[in-house]
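Per chain, numbering begins at 1; letters A, B, ... match sequence-line order.
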Amino acid sequence: MSNKPSLPRGMRDFGPEKMAKRNFIFNTIKSVFSKYGFMQIETPAMENLSVLTGKYGDEGDQLLYKVLNSGDFLSKSSIDDFNSGSNKLTQKISNKGLKYDLTVPFARFVVMNRNDVTLPFKRFQIQPVWRADNPQKGRYREFYQCDADVVGTESLLCETEIVLMINEVFDRLGITEFTIKMNSRKVLKGIVEAIGAGENETDFLVAIDKLDKIGLDKVKEELSSRGLDANMISMAEDFLSIKGTNNEVIEALSNLLSSSEIGMEGISELNKIQEFLEPFDLRNAHIEIDPTLARGLSYYTGAIFEVKINNVKMGSVSGGGRYDDLTGVFGMPDISGVGFSFGVDRIYDVMDELGLFPEEVTTTTNVLIAHFDEESRQYGLSTLGKIRNEGISCEIYPDIAKIKKQFNYADKKGIPNVIVIGSDEINSGFLKLKDLTTGEETKGEIESLIQKMLD
RNA sequence: GUGAUUGUAGUUCAGUUGGUUAGAACGCCUGAUUGUGGUUCAGGAGGUCGUGGGUUCGAGUCCCAUCUUUCACCCCA
């Protein structure tokens, strides 16, 4: 009675090779975060639904994984609850869910630990999050986010540091062709004001965010189908057709937004961030101010970022922005924060596609000890200890097996060295070390073989 | 949530208008080689054709449902 096992939709295993590559990314991100003074925290997989709902918009709420209450969860609900629809019923039978991102749980953490955290608080977090989305390329139902946030300061230096960290991480991963897109919610607000589309703000943002993907004409079509009139659309076109260097873009925006206070504020912030970046040598950073960048998450209020890898069909691999009052809903108002997140799973897919993983990341054991019988295996144990004491990763074949099988194991696992121990070796104390990549054999006492491997 | 698409050996895939016992390559195991892996040669094991129903004398092949894969929309990392 053995059924073939399977995995829920959108969930994945990571074998040894994949984990080695993923750890390469995780370690890189971790070391950069630490270098910039961020401290790691973790929060649980599940949060109360009261913490999660209402923070990601209606769409986001639908993508939340909800967990059924324990025990006889139906006993506390009535047929009336059932009849009033799944929304009402859900509230009765489920009060917790899997986290949807790392930022909201972090806000909850800050509020709950407000007496212990010193502001400004810089933290990073690397954990899986879950979304009941439809899987496709670069989109999974369980995926890892690597978040770094600073809360408790409005300084634009934080935005600057984010750009620096993004730059450094991609640089160290060997990804050179990427673009950091930057905009400000304030600029977007200014644009909405300027064209008088205040009532359709969300419609407007959703439509212009697609400019890259579907082109100007389609965006205009969409704007009109979303209820904007011809006059608004022609004004919107002025904004959508802004092109050029960052300074040119800022200048064009200034001209169009001169009457909007909030718009001008956004522009001066973007300018300041640029100014802060000047002292740094950003060779690979392609920072692009893009007035059409909108981003979905509703809690952003200031600068927003998104990173795309050029020439690869893949959504954004990193994104973030400033939120002025995320902790406000948890009863701790006026704490400004800014943060961003790396999508490790997408970065992995891109690096895999572009062949950017260095060979070394998959290296395993360095030495295998092969033996012929009980006696030589026993002798091999002391050899094993000596080699490990030198910090060299080493394993001994656990079974008494044909020497051929043991070599085969080393070959399959990619172990580059094999030490063979048999009665000759035990008697003479001279062991044989074979380098499987070259086929070369060295004979010597264990100390000299260790020395050779260390060289 | 909407609309397509996919599923056959461990893996990648063949499989004719529905017809006898479902194939290949690679991988795996054993031996040639009793103290040496990768090459070569010989042999071998592996499939309830995603699952459950239906049509038919007969289904891997046709129909329905369901799960899964990939993709687009929506949204997003």
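- Checking the phosphate oxygens (OP1, OP2) of B:rC75, no side-chain nitrogen or oxygen of A:Q62 falls inside 4.0 Å.
- Considering only side-chain N and O atoms, A:K404 lies nowhere under 4.0 angstrom from the phosphate OP1 or OP2 of B:rG31.
- For B:rA77, neither phosphate oxygen OP1 nor OP2 lies less than 4.0 angstrom from any side-chain nitrogen or oxygen of A:K308.
- The side chain of A:K402 places an N or O atom within less than 4.0 Å of a non-bridging phosphate oxygen (OP1 or OP2) of B:rG31.
- Within the 4.5 Å cutoff, the side chain of A:V51 has no heavy atoms near those of the A:P105 side chain.
- Between the side chain of A:Q406 and the base of B:rU36 there is no donor-acceptor pair of N/O atoms closer than 3.5 Å.
- When rounded to the nearest whole Å, the span between CG of A:D203 and P of B:rC74 equals 13 Å.
- For the pair A:L433 and A:L449, the tightest heavy-atom approach, listed with the atom from each and the gap, is CB-CD2, 3.8 Å.
- Ionic pairing of A:E47 and A:K55 is not present here: no N-O contact between side-chain nitrogen and carboxylate oxygen is shorter than 4.0 angstrom.
- With hydrogens and angles ignored, a donor-acceptor pair under 3.5 angstrom links the side chain of A:K434 to the base of B:rG37.
- A cation-pi arrangement is absent between A:R131 and A:Y56, since the terminal nitrogen or guanidinium carbon is not both under 6.0 Å from the aromatic centre and inside a 45° cone about the axis.
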Would you please test A:F38 and A:F124 for ring pair (Phe, Tyr, Trp, His ring centres under 6.0 Å) and show each step?
CA-CA 6 Å; A:F38 289 77; A:F124 78 91; 7.5 Å; no
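- The phosphate of B:rC28 (OP1 or OP2) has a side-chain N or O of A:K412 nearer than 4.0 angstrom.
- Remark on RNA chain B: of its neighbouring residues A:Q145 and A:K137, the 5'-side contact belongs to A:K137, judged by nearest-heavy-atom nucleotide.
- The 5' end of RNA chain B is approached more closely, in terms of each residue's nearest nucleotide, by A:N408 than by the other of A:N408 and A:S316.
- In this structure, the ring of A:F372 has its center no less than 6.0 angstrom from the ring center of A:Y379.
- B:rG27 has its base anti relative to the sugar, with a glycosidic angle deviating from 0 by more than 90°.
- OP1 or OP2 of B:rC67 has not a single side-chain nitrogen or oxygen of A:R9 nearer than 4.0 Å.
- With both ends at atom P, the span from B:rU61 to B:rG52 equals 13 Å, rounded to whole Å.
- The base of B:rU36 sits within donor-acceptor range of the side chain of A:K432, with an N or O pair under 3.5 Å.
- For the pair A:D435 CG and B:rG38 C1', the interatomic distance rounds to 13 Å; values are reported in whole Å.
- A:R139 contributes a side-chain N or O that forms a donor-acceptor pair with the base of B:rC75 under 3.5 Å.
- Look at A:F342 and the base of B:rA77; the rings do not stack under the cut-offs of 5.5 Å between centres and 30° between planes.
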Strand RNA chain B in bracket notation, Watson-Crick/G-U under 3.5 Å with | for pairs to another chain:
((((..(..((((.....[...)))).(((((.......))))).....(((((..]....))))))..))))....
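- For A:N134 and B:rG1, a side-chain-to-base donor-acceptor distance below 3.5 Å is present, hydrogens and geometry of angles not being considered.
- Taking atom CG of A:D101 as the reference point, atom C1' of B:rA77 lies 10 Å away to the nearest angstrom.
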Carefully, step by step, assess A:R172 and A:S31 under the rule side-chain hydrogen bond (donor to acceptor under 3.5 Å, both in side chains).
CA-CA 11 Å; A:R172 281 168 62 170; A:S31 77; 2.6 Å; yes
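- Heavy atoms only, all atoms of each residue included: A:R141 and A:M11 are closest at CB-CE, 3.9 Å.
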